[in-house]
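Working notes, structure below.
So that the names make sense, note that chain A is the first sequence line, chain B the second, and so on, each numbered from 1.
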Amino acid sequence: MSQQFIQLVVSGLAVGSVYALVGLAFIMVNEATGVVNFATGQMVTIGCFLAVTTGLQMNLPLAPAYVLALAAMALFGVAFYAIVFRPLQDRPVVTVIIGTVMIGIVIQNAALITWGSVPFRPRSPFGRQVIDVFGAALSAHALFVIVVSFLMIGLLYLFIYRTAIGARMRAVAQDRDAARLMGISVDRMFVLTWIIAGLLTGAAGILVGPMWFADVNMGDPIALKAFAAIIIGGFSSVPGAIVGGVLVGLAEMLGAAYISSTYKDGLVFLVMILFLLVRPEGIFGERIGQRA
Amino acid sequence: MLKVEQIGVAYGAIDALHGISLEVGQGEVVALLGANGAGKTTLLRTISGLIRPKSGGIRFEGEPLGNSSAETRVKRGIAHVPEGRRIFPGLTVRENLDVATTVWRRRGMSAAADLDNVYALFPRLKERASQLGWSLSGGEQQMLAIGRALMARPKMLLLDEPSLGLAPRLSEEVYRRIADINAKGVTVLLVEQNTVLALEVARRAYVIENGHIVLDGPARDLANHPRVREAYLGA
């Protein structure tokens with residue numbers, strides 16, 4: 001019982017940290033541009049399949065395979081900005097949102113044409129290796145996912161809050177016109193934002209692949225749960241995305257084991273709805289006030 | 001230094017500025033007076049490149065600004081302190097000041113001297129350096145907005161209603177600092193509803209009504225002009 005519990009907690013943390021990465025991709029784009037990117041899930045799919053191409057189809061060693069896939073995802077983020085976001089930038093927000101929904105559908109079908117409908121099973125750098133901790137058999141890959149995700153989130157945090165460029169990105173997010181008047185190139189900061197979104201979703205796709213299957217429809221459920229995670233955590237907060245993601249991952253895994261595996265997704269969204277009813281600003285609600 | 005020639009600006013079908021021309025010489029303080037909605041803010045936003053004029057042109061140091069971006073104009077030496085201060089609420093005071101060095105700062109360059117300069121003008125900002133922007137009082141926010149603009153090393157400062165919402169004593173304090181900044185060689189174009197204060201600091205002034213310049217001249221003359229006294233000084 002307790003061994004099973006530890007295993008469930010570890011896999012919950014692993015899945016949860018993937019949700020946190022995807023949640024941060026939502027937050028980065030939403031903070032900078034004021035738009036929820038509904039193609040975020042499809043970006044996860046593309047990230048996963050790019051690693052399928054480099055790691056399985058081209059059969060590269062996994063380290064260069066991952067680097068190549070991430071580099072391609074960074075370019076993908078720039079392309080998304082240039083092709084979808086930039087032309088629609090000055091349109092009403094709803095237009096931009098519909099644009100991201102549309103491009104999400106296009107990406108999904110392009111993935112279907114490119115990689116086919118048969119799921120792949122991506123390799124893990126640790127194979128099926130299991131590590132024994134206090135008698136609990138923990139998947140090495142799950143531990144790898146947790147470590148890599150938290151490392152990425154830590155680096156992102158340092159970049160945003162401890163570097164000059166990060167401060168400029170936050171300035172653009174808080175007041176676009178004022179940032180322009182300070183000589184900050186808003187365009188350049190947006191490109192950077194989309195690169196980061198590409199890297200975050202790409203990493204999420206790469207990490208989640210060996211845990212589940214690489215399937216062209218994998219993105220939507222992941223994005224939905226990441227979305228639930230940031231609603232629970234507080235929509236614009238980095239720690240919120242982490243805590244929200246972990247909570248959703250744990251609720252999903254523990255709920256499936258102890259309550260009902262059929263309703264595990266329902267459980268996650270029930271938690272989200274409860275938050276919307278009781279604490280809509282999330283755990284780490286907005287800290288920035290306004291003063292006249 | 002700045003030459004605005006026959007600038008016309010429209011918001012959709014509504015004309016906001018009808019062929020405005022004005023000039024600001026090197027080292028001057030020039031005030032732009034007028035009621036709410038007269039077009040003062042629109043003019044400043046056009047000069048700093050946030051709004052594209054539909055006709056006319058702007059020259060800065062003899063060169064036309066054309067369709068250049070707001071960022072380019074900051075690089076050329078025009079810094080705009082916008083209406084309502086618009087400091088970054090979630091950045092600390094120090095970060096607010098730091099981000100404004102973007103146009104000139106390259107890897108390894110220090111902004112310490114610029115920072116000292118701003119802190120010398122507004123010692124309160126040094127005390128509050130690590131506080132978030134939103135937590136400052138209105139007067140402190142105004143000081144930060146001006147200090148932030150100075151960090152860009154401007155040749156010319158555009159100030160939009162620096163006394164708005166401030167207690168009289170604070171407004172006077174802010175205006176003393178504006179005079180100090182001007183004394184260091186920065187040219188100033190300021191928009192103000194507080195006509196008394198503006199005319200004290202400015203050398204010349206323009207009066208703008210419904211998108212037209214209706215009066216201009218030395219500040220002292222305008223202060224005694226019957227139309228200004230009646231409409232803006234309440235005398």
Side-chain angles (χ1 to χ4, degrees), chain A residues 24 27-28 30-34 86 89-92 156-193 234-241 281-282 284-292, chain B residues 44-45 47-51 69-92 94-107 109 111 132-138 140-141 145 148-154 157-158 160 164-166:
Chain A
L24 282 173
I27 289 176
M28 291 294 298
N30 183 59
E31 282 286 286
T33 64
R86 184 110 221 278
Q89 199 175 358
D90 298 321
R91 302 304 169 104
L156 180 67
Y157 189 87
L158 289 179
F159 179 73
I160 297 174
Y161 288 98
R162 293 283 180 275
T163 69
I165 297 180
R168 282 176 218 165
M169 286 184 75
R170 281 180 290 143
V172 168
Q174 288 166 26
D175 193 330
R176 212 179 288 180
D177 272 354
R180 277 206 184 99
L181 292 178
M182 295 308 117
I184 298 169
S185 164
V186 172
D187 251 345
R188 225 176 279 173
M189 293 304 121
F190 279 175
V191 169
L192 200 56
T193 304
F235 208 82
S236 54
S237 137
V238 175
E281 73 273 29
F284 296 84
E286 193 80 336
R287 280 172 311 159
I288 296 165
Q290 290 288 340
R291 194 184 271 202
Chain B
L44 287 198
R45 288 170 67 85
I47 296 171
S48 58
L50 290 178
I51 299 178
S69 66
E71 297 98 271
T72 318
R73 294 180 194 201
V74 182
K75 218 170 281 176
R76 297 271 290 271
I78 302 176
H80 182 168
V81 181
E83 187 180 18
R85 310 182 272 262
R86 304 285 286 270
I87 58 161
F88 302 112
L91 265 56
T92 64
R94 177 70 200 273
E95 286 173 334
N96 263 284
L97 295 170
D98 259 341
V99 293
T101 61
T102 308
V103 288
W104 58 265
R105 202 157 166 194
R106 297 290 160 264
R107 189 178 284 279
M109 286 170 84
L132 291 180
W134 68 267
S135 70
L136 301 184
S137 72
E140 290 164 346
Q141 288 194 355
R148 185 179 64 172
L150 290 177
M151 294 299 283
R153 296 185 174 169
L157 208 51
L158 310 177
D160 199 340
L164 189 75
L166 301 187

So, the part of B:Arg45 with a heavy atom under 4.5 Å from chain A: the answer is side chain
side-chain contact (heavy atoms from CB on, under 4.5 Å) between B:Leu97 and B:Leu150, worked out: CA-CA 9 Å; B:Leu97 295 170; B:Leu150 290 177; over 6 Å; no
So CG of B:Leu44 and CG of B:Asp160: to nearest 0.5 Å the spacing works out to 5.0 Å
One option among B:Leu50, B:Asp98, B:Val103 has the most heavy-atom pairs under 4.5 Å with chain A, and it is B:Leu50
Is it true that atom CZ of B:Arg94 has more than 12 heavy atoms of other residues, nucleotides or ligands lying nearer than 6.0 Å? no
Bottom line for A:Ala173: the part with an atom under 4.5 Å from chain B's heavy atoms is neither
Turns out that what part of B:Val99 lies under 4.5 Å from chain A's heavy atoms comes down to both
- Query: In terms of heavy-atom contacts, does CG of A:Leu156 have more than 12 from other residues, nucleotides or ligands at under 6.0 Å?
  - Reply: yes
